[in-house]
*Asks:* 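Sharing a structure below in structure tokens format, with a few things to ask.
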Protein chains: 2
Amino acid sequence: MTAAANQSGRRPTTSRRLERAGIRDVAAAAGVSITTVSDALNGKGRLPDETRSRVREVAERLGYRPSAAARTLRTGRSGLIGLTVTTYGEEPFTFTEFAYFAEMARAATSAALGRGYALVVLPASSRHDVWGNIALDGTVVIDPPDQDPLVSELYRSGVPVVSDGKPGNCPVTAWVDNDHEAAVLGILDHLSEAGARRIGLLTGTSTDTYTRLSTEAYLGWCAKVGQEPVYETYPAHDPAAGAVAADRLLARPDRPDAVYGLFDPNGTDLLAAARRYGLRVPDDLLLVCCSESDVYATTEPPITTLSLKPRKIGTTVVNLLIDAIEGVDSGTGVDIARLFPPRFRTAGTGPPPGTLMPTELIVRASSQRRSPRTTVSPPRPPGEV
Amino acid sequence: MTAAANQSGRRPTTSRRLERAGIRDVAAAAGVSITTVSDALNGKGRLPDETRSRVREVAERLGYRPSAAARTLRTGRSGLIGLTVTTYGEEPFTFTEFAYFAEMARAATSAALGRGYALVVLPASSRHDVWGNIALDGTVVIDPPDQDPLVSELYRSGVPVVSDGKPGNCPVTAWVDNDHEAAVLGILDHLSEAGARRIGLLTGTSTDTYTRLSTEAYLGWCAKVGQEPVYETYPAHDPAAGAVAADRLLARPDRPDAVYGLFDPNGTDLLAAARRYGLRVPDDLLLVCCSESDVYATTEPPITTLSLKPRKIGTTVVNLLIDAIEGVDSGTGVDIARLFPPRFRTAGTGPPPGTLMPTELIVRASSQRRSPRTTVSPPRPPGEV
DNA sequence: CACTCATGGAGAAACGTATCTCCAAAGGCT
DNA sequence: AGCCTTTGGAGATACGTTTCTCCATGAGTG
């Protein structure tokens, strides 16, 4: 009692009942020390159940909520995970990556919450004030550019960083990516089997890993099978440029009879361009694009898409990050090596450890010359495009 | 100098250079007190520019980053704003609200970052552990149910809460919503002008404000113009139920010649049902649905949609919240009354203050008997951006 | 009885910052 | 010369936890 009175009586003010109850108030009301309160509430220390429940009851009665700020300061853990979003101009995320990001973020959020962490959305530009003001236990970055100063700075300051997308040249704790090469090769084979003789590619001008790996895989495949590459590039972040590039691709003298578009809107872009040139899909032109949108299930015709499985990626990224956070906590994050079965992990000894996730090709009418099942869907009265 | 040595020498350990530099290290290195460091870095106090820049330089050299946790504890401000997402089962957000939420969250994120705050995504279930572990300056809630215990608890503990969607019965600092009644009436008038004689409604079974207000507006309109209401309801969160309900609606003996669907997927649902019954859109059936998806710009035919302008809502909600956070800081949030011009605000004296935002009807082919303009849109010469 | 040991719990030291209070020194004024 | 004011900066405290250390007390054991 003396203890309780002593510690809680520290407050010089007299009648302030406006403030939220603190641990000292609970201790005073329960007639114990703050140590006991803390231990009782957190299930630590050696206390008889009677004391524990009594303290809990008092805390409940006073509406006591531990200060997250104080806990974070003391324990060094905030339970917060940063999620970077690239920003072009005012708006976060670009049109192209929106669906992917949304799905990925949704899964990441779910995974984080399931393990007691919350995601905080942060801009990819390191210069932003807000970065310094938030205590992060770790960060997820999406497709960091080569030599990303943000990632480097985070890593240097000891914050675990897990990247969605194989990082170019910055040190990360771990990364997760799709096997883009395998995916592209799979698509090209799929199109070949469907009868394509000359496969074109709609790709981007930027140098991120996804674009680069995919394009290289395409070029490599072309070299292997002896097809002349037929591709057009455009700045992927420009929502209007895709349509123009699609048009260019189909306007070429060596017009392809099948096209794979690397970005989400390319399906629509290519479909529109095909219409413009009087090409029937899939009869005259086979089409595949990379997209997470289920829009392509209901286009006319439905378009075959490659899904990067953003939900799996998001889940994996977050789990890897939390493992790193809870596993090591000492600047050098090497422990992860044994946390995960090396099934998917690349066999390199050199860090950072990477995980490759499979993609999924959702085959629809646009990439098959003969309709996969009965074409009954369109009784489709005269109203045609 | 003595001061500096004194304060930094407090650390008993000898050679630990592994830890991040703290304010004391900077003070020691610069030969000043931590007060001076703090003041110099935060632009406070009275210091000559020379001292300021010297301290800044030393801090930079040591790679000093103020501890966000300590700052939060001291100042009582975390710079964090919670954003609740409703969860059904494992995944956050439902199919129905996904597009709306994504757009709204995107705008909210942008607005928050612009004012130095970050958004942290949190589950709408108050029982989740994570709520207690995070220091929030305020919270945005989306469509809270009546008597939401989470909102009540937050409000009671002094955290400002701004709601997207007029709250049923819980106390909030402020709320923002669309004028759903005006929106529905506008749509019904629009359909009438297009020649509709009997307008049907596809609505939900839940009792949230959006569904309730919209349905009531429809019923009121029917009563006013003397039309017998024709509507079907279904659980909006079930992605499959919408198609069934759409089918039911068009299978009725008193089949409507125009339909408004309250939820995002209803456009597709209704279009498919119309095809099934051999109804041409817009000739036999006029169609409007509420959606944020631009899919409906490219359906056949394109479908008229009502946009709730989630970006505007998101921006407004966040700005209101931050105003409340920075304005009052004392439990009772009444200051907001004068922070915003009362243009849109409801004139009631009773709290909480609400803001009504306009909606936008994007008129497309599905709700017009005669094509609005020449349908020529695609000459579309390649050289366009 | 003299011990060891387990039990229950109190004290106090951080965690790292922001800020309030206060003091010394250096002008500026009559 | 004495007083007031401004400038520059140091000291100390509080923010609210968690946790390490340590001390009573009582029970078991020889």
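Naming convention: chains lettered A, B, ... in sequence-line order (proteins, then strands); numbering from 1 in each chain.
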*Asks:* Which residue pairs satisfy the side chain to side chain donor-acceptor pair (under 3.5 Å) criterion with at least one member in residues 128-145 of chain B, sequence neighbours excluded?
*Replies:*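 Listed by first then second residue: Arg71(A)-Asn133(B), Ser78(B)-Asp137(B).
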*Asks:* What pairs with Thr315(B) under side-chain contact (heavy atoms from CB on, under 4.5 Å), at least two apart in sequence or on another chain?
*Replies:*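 Per chain and number, Thr315(B) pairs via side-chain contact (heavy atoms from CB on, under 4.5 Å) with Ala107(B), Ala111(B), Asn319(B).
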*Asks:* Can you list everything that forms a salt bridge (charged side-chain N to carboxylate O under 4.0 Å, His left out) with Glu60(B)? Sequence neighbours excluded, please.
*Replies:*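 So Glu60(B) forms no salt bridge (charged side-chain N to carboxylate O under 4.0 Å, His left out) with any residue.
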*Asks:* With DNA chain D as reference, determine whether Pro48(B) or Arg71(A) sits nearer its 5' end, using the nearest nucleotide of each.
*Replies:*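 By nearest-heavy-atom nucleotide position, the 5'-most residue is Pro48(B).
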*Asks:* From the options dT17(D), dT17(C), dG9(C), select the nucleotide whose nearest atom is closest to the side chain of Ile23(A).
*Replies:*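 Nearest to the side chain of Ile23(A) among the choices is dT17(D).
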*Asks:* To the nearest Å, how far apart are Leu41(B) CG and dT17(C) C1'?
*Replies:*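 Checked: the CG to C1' distance equals 12 Å.
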*Asks:* Does any residue of residues 49-68 of chain A have a heavy atom under 4.0 Å from DNA chain D, and if so, which ones, in number order?
*Replies:*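 Heavy-atom contacts with DNA chain D come from Tyr64(A), Arg65(A), Pro66(A), Ser67(A).
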*Asks:* For Glu153(A), give me all partners under side-chain hydrogen bond (donor to acceptor under 3.5 Å, both in side chains), at least two apart in sequence or on another chain.
*Replies:*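 Checked Glu153(A) against side-chain hydrogen bond (donor to acceptor under 3.5 Å, both in side chains); matches are Arg65(B).
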*Asks:* Starting at atom CG of Leu47(B), determine the distance to atom P of dT6(D), rounded to an integer number of angstrom.
*Replies:*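 Spelled out: CG on Leu47(B) to P on dT6(D) is 17 Å.
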*Asks:* Name the pairs: protein N/O against N/O of nucleotides 19-27 of chain D, kept only if under 3.5 Å.
*Replies:*
from    : atom 1 : to       : atom 2 : distance (Å)
dT19(D) : OP2    : Lys44(A) : NZ     : 2.9
dT19(D) : O4     : Thr35(A) : OG1    : 3.2

*Asks:* Are the side chain of Asp148(B) and the backbone of Leu150(B) linked by a donor-acceptor contact shorter than 3.5 Å?
*Replies:*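 Answer holds: yes.
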*Asks:* Could you check which of dA18(C), dC15(C), dT17(D) has an atom nearest any side-chain atom of Leu73(A)?
*Replies:*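 The closest nucleotide is dC15(C).
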*Asks:* What is the separation between atom CD1 on Ile134(B) and atom P on dG16(D), rounded to the nearest whole Å?
*Replies:*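 For the pair Ile134(B) CD1 and dG16(D) P, the rounded distance is 19 Å.
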